[in-house]
Protein chains: 2
Amino acid sequence: MIAVNLSDEDRWKKYNNFSPLISIFKKFHPLNDEIERRINQHTFPVSYKKNKYLVSPVDRNKFLFLIVKGVVRGFIKDGTTEITTWIAKENEVVGTIRNLWVEGDSEEYLQALEDVDLIAIPHVLSEYLYENFTEANIVGRKMMEQYYRSAEERAYLCRISSAEKRYKRFLVSFPDLINRVSLKHIASFLAIRLETLSRIRAKI
Amino acid sequence: MIAVNLSDEDRWKKYNNFSPLISIFKKFHPLNDEIERRINQHTFPVSYKKNKYLVSPVDRNKFLFLIVKGVVRGFIKDGTTEITTWIAKENEVVGTIRNLWVEGDSEEYLQALEDVDLIAIPHVLSEYLYENFTEANIVGRKMMEQYYRSAEERAYLCRISSAEKRYKRFLVSFPDLINRVSLKHIASFLAIRLETLSRIRAKI
DNA sequence: CTTAGTTGTTGATTATTGTCAAAAAAACAT
DNA sequence: ATGTTTTTTTGACAATAATCAACAACTAAG
């Protein structure tokens, strides 16, 4: 499913001939030409329609994705219910963690919540860049720091005692998501039921 | 309060003359001698008694700490209640994040839950190493990846729907902590009240 | 446009968890 | 050991949130 066969010239036409990844990375650290060349060569755009799943069991863990346009959520199946652990938007990089502490039972999934344009980043590319270019490790370190902070925020948010306070925190932490994501997913992210969220909103 | 004035020979005597940080870092990537020398020179041991706070407002954000012995928790004051967002033990590196999305209202604190031996890592040192040694970025990147995963686990854990299931997940994710940490802190980490946790345990 | 499907709202009821209070048990200090 | 403090347990009750069900609003597809 994930496979393109474009000449280098065509692949990035809609992005002015450069993988949008490059400008994201450059915000963290300058890149040398060889890295840029490899990124252009080995990353590629993909698109998914709203509600589609980004990672098939086959491709699981083979790619990270830069979100160029749209919103994506990550969730974990806990028996019959889905637990949304994050919701990400443009300029964020997402992927499955796949190193959950308790192996087996819980699988992580990615789902497009709008029509999305993504850049697929093969893990083999990341590994190659990390092993061969010091800049890659600088960029990777800084990005991981940023993502760690946002994971901490998510871990804090869901420990706030009342559903209403969690919702209010959500509004200030993720003001841009409230109008783009359906309430059922926000409810799941806040660890409350859709009906409860609906009542909280009615009250405010 | 945090300040030592030991000759280089004395400082690490109890650790066979090397900062324990070095062996931790080496698990991720080999280090060159100059890095090791800087680490020995600019990190130093500190100890805190059980229940003491690790970071005074003055020193806030100036150090990370490697836990050599003991257990430490991180918590955030939400008005009058404390929300424990993580609990860490030996061989983990901890610190305040201090980049909470909503500035101001919520302060992060670190508290020793046992008598702890730590290695203090000045942020100025981390920055220096990152800027001058590529290995530091490799080590930092790999460590951040690991910490990101554990933050994801914490974000997932607290979204599990029932208190009992959260507790059971805690038991498998953090089996070593249950006998070292008082239930009130575990309850806070699980986002439930101490009394509820007590009842869940009685039931099982 | 019309229909089917999804998403969000509202109500009634139940279940879970929180709150307050007090006692028991365990840990700590003198 | 003895008394003191902290932690944990237990009980009665209240509050919050979940559940079930019906319906309204909105979207997507034919």
Side-chain angles (χ1 to χ4, degrees), chain A residues 47-53 70-73 75 78-84 87 109 111-116 157-171 177-204, chain B residues 47-53 70-73 75 77-84 87 111-116 157-171 177-204:
Chain A
S47 294
Y48 288 89
K49 285 286 174 192
K50 180 170 177 172
N51 293 327
K52 294 295 178 199
Y53 299 103
V71 173
V72 175
R73 75 173 177 127
F75 66 95
D78 175 38
T80 162
T81 53
E82 298 176 353
I83 297 177
T84 300
I87 305 173
Y109 300 86
Q111 183 182 32
L113 299 185
E114 299 175 348
D115 293 354
V116 291
L157 173 56
C158 70
R159 285 180 171 80
I160 296 172
S161 57
S162 85
E164 181 173 336
K165 285 200 282 183
R166 289 202 293 282
Y167 175 65
K168 284 179 172 165
R169 176 83 183 192
F170 178 84
L171 289 180
L177 293 179
I178 191 67
N179 293 314
R180 296 178 71 176
V181 177
S182 68
L183 293 181
K184 75 172 178 183
H185 294 130
I186 291 172
S188 170
F189 181 69
L190 296 177
I192 58 183
R193 316 258 74 225
L194 170 63
E195 297 93 322
T196 303
L197 178 56
S198 178
R199 285 186 243 270
I200 287 170
R201 285 162 55 86
K203 214 180 73 183
I204 307 179
Chain B
S47 296
Y48 288 89
K49 285 287 175 191
K50 181 170 176 172
N51 293 328
K52 293 294 177 199
Y53 299 103
V71 173
V72 175
R73 76 174 177 125
F75 66 95
K77 272 235 177 77
D78 175 37
T80 162
T81 52
E82 299 176 353
I83 297 177
T84 299
I87 305 173
Q111 183 181 31
L113 298 184
E114 300 174 348
D115 293 354
V116 291
L157 174 56
C158 70
R159 284 179 171 83
I160 296 172
S161 58
S162 85
E164 181 173 337
K165 285 200 280 183
R166 288 201 294 282
Y167 175 65
K168 284 178 172 166
R169 176 83 185 191
F170 178 84
L171 289 180
L177 292 179
I178 190 67
N179 293 313
R180 296 179 71 176
V181 177
S182 69
L183 294 181
K184 76 174 173 184
H185 294 129
I186 292 172
S188 170
F189 181 69
L190 296 176
I192 57 182
R193 311 260 78 221
L194 169 63
E195 298 92 324
T196 304
L197 178 56
S198 179
R199 290 186 175 101
I200 288 170
R201 286 162 55 86
K203 215 180 73 181
I204 307 178

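Just so we're clear, the structure is a prediction, and the values are computed from it rather than from any experiment. First the proteins, then the strands, lettered A, B, ... as listed; each starts at 1. What you see below is based on every heavy atom in this structure, not just the backbone, and it leaves out hydrogens, waters and symmetry mates.
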Problem - salt bridge (Lys or Arg N to Asp or Glu O under 4.0 Å) involving K165(A) - partner list, sequence neighbours excluded - result: D78(B)

Exercise for the section: Mind checking salt bridge (Lys or Arg N to Asp or Glu O under 4.0 Å) for K168(A) and listing every partner two or more places apart, or none if nothing turns up? Expected result: E164(A)

Exercise for the section: Identify, with sequence neighbours excluded, every residue that meets side-chain contact (heavy atoms from CB on, under 4.5 Å) alongside S182(B). Expected result: K184(B), H185(B)

Problem - Partner residues of I178(B) under the side-chain contact (heavy atoms from CB on, under 4.5 Å) criterion, sequence neighbours left out - result: Y167(B), F170(B), L171(B), I186(B), R201(B)

Completion exercise
Residue set satisfying side chain to side chain donor-acceptor pair (under 3.5 Å) with S161(B), at least two apart, ordered chain then number -> none

Exercise for the section: Applying side chain to side chain donor-acceptor pair (under 3.5 Å), name anything that partners S47(A), two or more places apart in sequence or on another chain. Expected result: D117(A)

Practice task
Look only at the side chain of D115(B) and the backbone of K49(B), and say whether a donor-acceptor pair between them is shorter than 3.5 Å.
Solution key: no

Handout entry: Check: I160(A) main-chain N/O paired with R166(A) side-chain donor or acceptor under 3.5 Å
Key = yes

Fill in the blank from the handout: In whole angstroms, the gap separating C1' of dG5(C) from CG of N51(A) amounts to 12 Å

Practice task
Starting from C1' on dG8(C), measure out to CZ on R193(A) and report it in whole angstrom.
Solution key: 14 Å

Problem - Strand contacts (DNA chain C) in residues 182-192 of chain B, 4.0 angstrom heavy-atom criterion - result: A191(B), I192(B)

Practice task
Check each residue of residues 194-204 of chain B for a non-hydrogen atom within less than 4.0 Å of any atom in DNA chain C, then write out the ones that pass by number, or none.
Solution key: E195(B), T196(B), R199(B)

Show me the donor-acceptor pairs within less than 3.5 Å that the side chains of residues 188-197 of chain A make with the rest of the protein, sequence neighbours left out.
from, atom 1, to, atom 2, distance (Å)
S188(A), OG, E82(A), O, 3.2
S188(A), OG, T84(A), N, 2.8
S188(A), OG, T84(A), OG1, 3.1

Exercise for the section: For the helix from dC1(C)-dG30(D) to dT30(C)-dA1(D), measure the angle between the helix axis at one end and the axis at the other, each built from five pairs, rounding to 10°. Expected result: 60°

Exercise for the section: Identify the two heavy atoms, one from Y53(A) and one from Y48(A), that lie closest to each other, and give their separation to 0.1 Å. Expected result: O-CE2, 3.6 Å

Completion exercise
With a 4.0 Å cut-off (strictly under) to non-hydrogen atoms of chain B, the first and last hit nts on DNA chain D, 5' to 3', are dT7(D) to dA12(D)

Shorter than 3.5 Å, N or O on both sides, protein versus nucleotides 22-30 of chain C: list them out with atom names.
none

